[in-house]
Participant: 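Mind having a look at this structure? Questions to follow.
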Amino acid sequence: MKKYKIGFVNPHFGIGLPEIQLMAFFKKMANSCGSYEFFTLDSNGNVILEHKLGLTENRLSYDKRSDYKNFKLDFIFIFDKHLSPFFYDLFQCLIIWVPTEYVEIDWSRMYYLTGNGYDATINLGIESQHYQTYKEKFIDKFYRQEEKIFFINTIYDKSLMLRPKITKNSCLNYSSSVGSWRNENLMRHLDEKDYVKFYGYLDGWQNYKKYSGLIPVDKFYSTINKDGISLAINSYPHTFSGINTNRMAEGILSGCVTIINKENTQAIQEQFGDSIFYINIFEKEELVAKEIDEIVNWVRENPKLAEEKVLKSQEIYAKMYEEDFILKCCQKLEDLQNKQLKALTNATHNKTIDVLFLYQGFNSQELVNVVNQLKNQYYQNINLIVVCKPAFYDNALHILDFNLKQTDIRFNLIKTTSDNVSYYENGTGEMFLIAKEYIKSDFFMFISENIILHKDHILKLIADIEHKENKNINIIYNNVYKEES
């Protein structure tokens, strides 16, 4: 069996973040199943070979670096809502990890909602009506369709499972932050109940009588286990997006009777049936609180039956866990990758793309870099139009002749009539006026000396232009980034 190499991009490195738990889970699965190797990457493309607990701000630090290109990775998994898909020239899979409402930057929200620019997306949830609305509004009309893989979040290790300890005095725990998006009104009602314990960071909980502090990471499961009942409802944005939080898994693994929201959890209801409880969080708060009252009373009156429910939910969870969904995802992603590569190989290159470059002669390597970026493209029906000052004409001609002689890329080298053309003073516009008579195709693009293009850059631009809804489009921008100077 093939051993996959996966790069997992994590720009945070904070302690206690769900992303840290996700990476720990991936690593453990990789070590136990032997079907893939797992590498953690920072947001600059460095593979982290070693990391240590930092001394300040609970940050992780690391001291051994290596560029991801040296590891011959098969896939890049990206979960962060702020990361552009443009950085890694590899098959990239976006993990839809948080609700779209938590994506605050407009361009990031666009990529996150649509998956545009990524090769595939994994959605830790279901296709809710909320998602369908966005899909109809944005994805179907404007963006290429990306392959999507859906699965229920099972990132927690089943070896953490604790036996239930339900008693007639079991209490209800809720471990999260609180606020307008996180069921604040319901929490106000529950704060009057004698059976409630709230856990989490102090911020937001200051005025709650039943706030019980922040549980240390190494004591989380044992603490929850003693309570016996876990309220694992989602925030409103999670519910709207159909993305379930980790709290359901935490409750089940801790040996608790687990309560989740009924809305947009159809897939979970099909899997877990009556082994967990479901409540309607969009009812009036007093009605939801009454529902919770009834569940807590039933658990306290029927501890043995409640334990049977917990054991049943744990059995279902363990069975789900035995299916190595990471390996399944890798196999699906490999199929998608092969299909895409086949499509790229078979693509008709009947459209000539004109590429305009202003060579200012500061460094001959600038022109060499541009040529190499174009030679690296899957799409080779390219006409490179280089505008340069008279003093650098001979040098540019030598570079172009030498580097393009065994390729299908054509070039036109245009000598300006003066030395005044510069990027810094309307240079792109002047360059276009000089080069426009050499533009023969329907499409052209500018390129600068420090730009790096993904191999599929031009092909994806063409695919976007040819999208059925994009007949009148004038500008396409995709899969490119600038090297830091």
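Owing to the predicted nature of the structure, the values given are computational and were not obtained by experimental measurement. When reading the values below, keep in mind they use all heavy atoms of this one structure, side chains included, and skip hydrogens, waters and symmetry mates.
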Participant: What is the minimum heavy-atom distance between Ser230 and Leu172, and which atoms define it?
Facilitator: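 So the two residues come closest at C-CD1, 4.4 Å.
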
Participant: Please check this pair: side chain of Asn225 against backbone of Arg163, looking for a donor-acceptor N/O pair closer than 3.5 Å.
Facilitator: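 Such a contact is found between Asn225 side chain and Arg163 backbone.
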
Participant: Which residue pairs pass the salt bridge (Lys or Arg N to Asp or Glu O under 4.0 Å) test with at least one member in residues 166-175, sequence neighbours excluded?
Facilitator: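 Listed by first then second residue: nothing to list.
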
Participant: For residues 290-312, which residue pairs qualify under salt bridge (Lys or Arg N to Asp or Glu O under 4.0 Å), counting only residues two or more places apart or in two chains?
Facilitator: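 Checked against salt bridge (Lys or Arg N to Asp or Glu O under 4.0 Å) - neighbours excluded - the pairs reaching residues 290-312 are Lys193-Asp293, Asp274-Lys312.
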
Participant: Does atom CG (Asp203) have a neighbourhood of more than 12 heavy atoms from anything else shown, all under 6.0 Å?
Facilitator: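 Open: at most 12 neighbouring heavy atoms sit under 6.0 Å from CG of Asp203.
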
Participant: Any idea which heavy atoms bring Gly7 and Leu73 closest together, and the distance?
Facilitator: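 Nearest pair, atom of Gly7 first, then Leu73: CA-CD1, 3.9 Å.
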
Participant: Could you pull out the closest heavy-atom pair between Tyr195 and Ala289, with the gap in Å?
Facilitator: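 Reported closest heavy-atom pair: OH-O, 4.2 Å.
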
Participant: Between Arg247 and Tyr174, does any side-chain donor sit less than 3.5 Å from a side-chain acceptor?
Facilitator: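 Per modelled atom types, Arg247 and Tyr174 side chains form no pair under 3.5 Å.
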
Participant: Within the side chain of Asn369, is there an N or O that forms a donor-acceptor pair under 3.5 Å with the backbone of Glu449?
Facilitator: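 The answer is yes, because a donor-acceptor pair under 3.5 Å joins these two groups.
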
Participant: Once you measure the plane-to-plane angle for Phe198 and Trp205, does it fall in the parallel (<30°), tilted (30-60°) or perpendicular (>60°) bin?
Facilitator: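 Geometry flag for Trp205 against Phe198: parallel rings.
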
Participant: Is Lys165 atom NZ crowded by more than 12 heavy atoms from other residues, nucleotides or ligands, each under 6.0 Å away?
Facilitator: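 Counting other residues, nucleotides and ligands, NZ of Lys165 stays at 12 neighbours or fewer.
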
Participant: Before you tell me yes or no, could you show the steps for Tyr4 and Glu334 under side chain to side chain donor-acceptor pair (under 3.5 Å), namely the whole-Å CA-CA distance, both residues' side-chain angles and the distance that decides it to 0.1 Å?
Facilitator: CA-CA 9 Å; Tyr4 298 97; Glu334 185 177 40; 2.7 Å; yes

Participant: If we ignore hydrogens and angles and just use 3.5 Å, is the side chain of Gln377 paired with the main-chain N or O of Ile458 as donor and acceptor?
Facilitator: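 Answer holds: yes.
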
Participant: Please step through side chain to side chain donor-acceptor pair (under 3.5 Å) for the pair Ser448 and Asn450, ending with a clear verdict.
Facilitator: CA-CA 6 Å; Ser448 62; Asn450 59 354; 3.3 Å; yes

Participant: Can you check whether Lys3's main-chain N or O pairs, donor with acceptor, with Glu37's side chain at less than 3.5 Å?
Facilitator: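 Not at all, since once roles are kept as given, no pair shorter than 3.5 Å links the two residues.
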
Participant: If the plane angle is over 60° it's perpendicular, under 30° parallel, otherwise tilted; pick one for Phe8 and Phe38.
Facilitator: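 If you compare the ring of Phe8 with that of Phe38, the planes turn out tilted.
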
